[in-house]
Amino acid sequence: MKEIVNVSKEWGIGKNGDLLVNIPGDMKFFRETTKDAVVIMGSTTLESFPGMAPLKNRINIVLIDDDKKIKQESVAAAKAAREAGYKTELIYVHSIDEALEAAKPYPPEDVYVIGGATIYRIMLPYCDTCLVTINDCKDKPDVYYPDLEASGEWEMTEEGPDNEWEGIHYRFTTWKRK
């Protein structure tokens, strides 16, 4: 299983309930990488998508702690996507064990944890690879991803070339558990 995330050099991922920075090249990488795969997220992440719709052509596993957090807009959007011919599923689970069980029928290399911060943190021990886009955004984050470099448990195995978007430099990296 993998995590996929965009972080600042300080491992920041968010500010004021939103992404720290929204880089089109990174969003394209995310879409292409997770298409036809399984994505695991928290309810806040799902609710941040346009119309609270699950991601199309993906199995969306959403961790919630209370069934009252199930949004009918999300359920209706998943149904509408299927009716429009997209391979879109929306599965709500209540624990890490249930999330892992829901993902079990799929190859581990096709399962991606996509946030938010709490879900990243609790699912990281079950992952062996992290796809990390590192950017030099100067905004001060208020939400952070675990610092893989400082943990001593991970090593960067791939580092792509420098890219730039509106003055923000970023590069794609791959981290593997040691």
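Between the side chain of Tyr92 and the backbone N or O of Ile61, no donor-acceptor pair lies under 3.5 Å. Although no hydrogens or angles enter the test, the distance criterion places a donor-acceptor pair under 3.5 Å between the side chain of Glu164 and the main chain of Glu166. Side-chain atoms of Thr34 never come within 3.5 Å of backbone atoms of Ala37 as a donor-acceptor pair (strictly under, hydrogens ignored).
If you take CD1 on Ile119 and CD1 on Ile40, they are separated by 9.0 Å, rounding to the nearest 0.5 Å. In this structure, CG in Leu63 is found 10.5 Å from OG1 in Thr118, a value given to the nearest 0.5 Å. The structure places CD1 of Ile13 at 9.0 Å from CG of Leu20, a figure rounded to the nearest 0.5 Å. With values rounded to the nearest 0.5 angstrom, Asp162 atom CG is found 7.5 Å from Arg171 atom CZ. Atom CZ of Phe49 and atom CE of Met41 lie 4.5 Å apart (nearest 0.5 Å). Between the OG1 atom in Thr45 and the CD atom in Glu47 there is a gap of 9.0 Å [rounded to 0.5 Å].
By the rule that hydrophobic residues join a cluster once side-chain heavy atoms approach within less than 4.5 Å of another member, Val38 and Tyr86 end up as members of separate clusters. Val111 and Leu131 are members of different hydrophobic clusters when ILVMFWY side chains are connected at heavy-atom separations under 4.5 Å. In this structure, Leu100 is a member of the same hydrophobic cluster as Leu124, with clusters built from ILVMFWY side-chain heavy atoms closer than 4.5 Å. Taking hydrophobic clusters as Ile, Leu, Val, Met, Phe, Trp and Tyr residues chained together by side-chain heavy-atom distances below 4.5 Å, Val5 shares a cluster with Met123. Using a 4.5 Å cut-off between side-chain heavy atoms of Ile, Leu, Val, Met, Phe, Trp and Tyr, with links allowed through other members, Val75 and Val93 fall into different hydrophobic clusters.
In this structure, the ring of Trp11 has its center less than 6.0 angstrom from the ring center of Trp175.
Residues Ile168 and Ile23 share a closest heavy-atom pair of CG2-CD1, 4.1 Å. Heavy-atom minimum distance, Ser74 versus Pro54: O-CD, 3.5 Å. Taking both residues in full, the closest heavy atoms of Asn57 and Thr88 are given as N-OG1, 3.0 Å, listed atom of the first, atom of the second, then distance.
Heavy-atom contacts from other residues, nucleotides or ligands closer than 6.0 Å to CD of Glu149 number 12 or fewer. Annotation for Lys28: atom NZ does not count as buried by contact number, only 12 or fewer foreign heavy atoms lying within 6.0 Å.
The ring-ring contact (aromatic ring centres under 6.0 Å, His included) test with Phe29 singles out one residue from Tyr170, Tyr112, Phe172, and that residue is Phe172.
Taking the side chain as every heavy atom from C-beta outward, Val132 and Trp154 never approach each other to under 4.5 Å. The side-chain heavy atoms of Tyr126 and Ile96, taken from C-beta on, include a pair separated by under 4.5 Å. When side chains are defined from C-beta on, His94 counts as touching Asp67, because their heavy atoms get closer than 4.5 Å. Lys35 has its side chain out of reach of Lys56: every pair of non-hydrogen atoms, C-beta onward, lies at least 4.5 Å apart.
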Handout entry: Trace of the side-chain contact (heavy atoms from CB on, under 4.5 Å) decision for Cys127 with Lys2
Key = CA-CA 5 Å; Cys127 296; Lys2 303 172 186 170; 5.8 Å; no
Practice task
Go through Glu159 and Ile134 one step at a time and tell me if the side-chain contact (heavy atoms from CB on, under 4.5 Å) criterion holds.
Solution key: CA-CA 10 Å; Glu159 183 174 19; Ile134 301 173; over 6 Å; no
Problem - side-chain contact (heavy atoms from CB on, under 4.5 Å) assessment of Ile4 paired with Ile114 - result: CA-CA 6 Å; Ile4 185 167; Ile114 65 168; 3.7 Å; yes
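Judged as a side chain to side chain donor-acceptor pair (under 3.5 Å), the pairs with a partner in residues 129-145 (not counting sequence neighbours) are, in order, Glu3-Tyr145, Asn6-Asn135, Asp26-Thr133, Thr129-Lys176, Lys140-Tyr144.
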